[in-house]
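Below: the structure, in structure tokens.
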Amino acid sequence: MGKDVIIACDFASKEDTLNFLDKFTGRKPFVKIGMELFYAEGPQIVKDLKARGHKIFLDLKLHDIPNTVKKSMAVLSRLDVDMTNLHAAGTISMMEAALEGLTRPDGTRPLLIAVTQLTSTDQERMENDLLIKEPIDKVVMHYAANAAKAGLDGVVCSPLEAGKVHDTCGEKFLTVTPGVRFADGDIGDQKRVMTPAEAKKIGSDYIVVGRPITAASDPVAAYERCIAEFVG
Ligand code: C5P
């Protein structure tokens, strides 16, 4: 798979999601389904969007004992998603088990991406709540290296970290980066942002874009602008 723009479909229902996606009459965007929509609508929402021709990143961030994650990943793989994810904090053995579960009998599987430290976790919370005393950048790179060691395809990270992740884990290790904003747009609650063009320059493989597209007055134009800036 090459560089692509993934639209974060952070909607509460199938109806809102389809109303939004109905606007895309040309190119069918790669879409991210998160916990809210998946828990509201169940696996059928994945089947429905697949049937409409979308690639799917199922963002459920699994984290449990290896055996449970392995069996759950087998279920997600049968849903025919294109990309899914888990928490690297679940350890290398959990990530290896996830890959096993995800691999279909014919050897194919969805891409598997790890979350390192959530961007909502800062140094202070990591130290005080999790008793992890190392600098957060080092922890993020260590988790990324663990994901690579386990055989995963990449990590979710800030576009600002994408270059360093590639340096640590190799050019082929994918970086999936949220926190993208247009140069002339609202940054909302995101703190460290980059434009699609900057994310391209720094080596992101996929950008995940929510509100700059979903809340735009012309979402299709905003999506095409992302594609033009990021994919070229
Ligand atoms: O609307 P916005 O472009 O900020 O949406 C970004 C998407 O990426 C949301 O679905 C958000 O949950 C997700 N995300 C993020 N930062 C992370 C991980 C995921 O913004 N570190």
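- The pair Asp64-Lys71 does not count as a salt bridge, with every side-chain nitrogen at least 4.0 angstrom from each carboxylate oxygen.
- In this pair, Tyr223 and Phe24 present their aromatic rings perpendicular. The plane angle is above 60°, beyond the 30 to 60° band.
- Contacts of His142 classified as ring pair (Phe, Tyr, Trp, His ring centres under 6.0 Å), with partners at least two apart in sequence or in another chain: none.
- In Lys28, the NZ atom is crowded: over 12 heavy atoms of neighbouring residues, nucleotides or ligands sit closer than 6.0 Å.
- A pairwise comparison of heavy atoms in Cys157 and Pro178 identifies O-CD, 3.3 Å as the closest pair.
- In this structure, the separation between OG1 on Thr116 and CE on Met141 is 8.0 Å, given to the nearest 0.5 Å.
- Transitive grouping of hydrophobic side chains (ILVMFWY, heavy atoms separated by less than 4.5 Å) keeps Met83 and Leu112 in distinct clusters.
- Through direct or indirect side-chain contacts shorter than 4.5 Å among Ile, Leu, Val, Met, Phe, Trp and Tyr, Val193 is connected to Ile187.
- Contacts classified as side-chain hydrogen bond (donor to acceptor under 3.5 Å, both in side chains) and involving residues 37-53 (residues at least two apart or in different chains) are given here: Lys14-Asp48, Asp22-Arg52, Gln44-Asp48, Lys50-Asp82.
- Ring geometry, Phe11 versus Phe20: the interplanar angle falls from 30° to 60°, so the pair is classed tilted.
- In summary, Asp153 and Arg109 engage in a salt bridge, as defined by a charged side-chain N under 4.0 Å from a carboxylate O.
- Of all heavy-atom pairs spanning Lys133 and Glu127, the tightest one is NZ-O, 3.5 Å.
- Thr121 and Arg125 share no side-chain donor-acceptor pair at under 3.5 Å.
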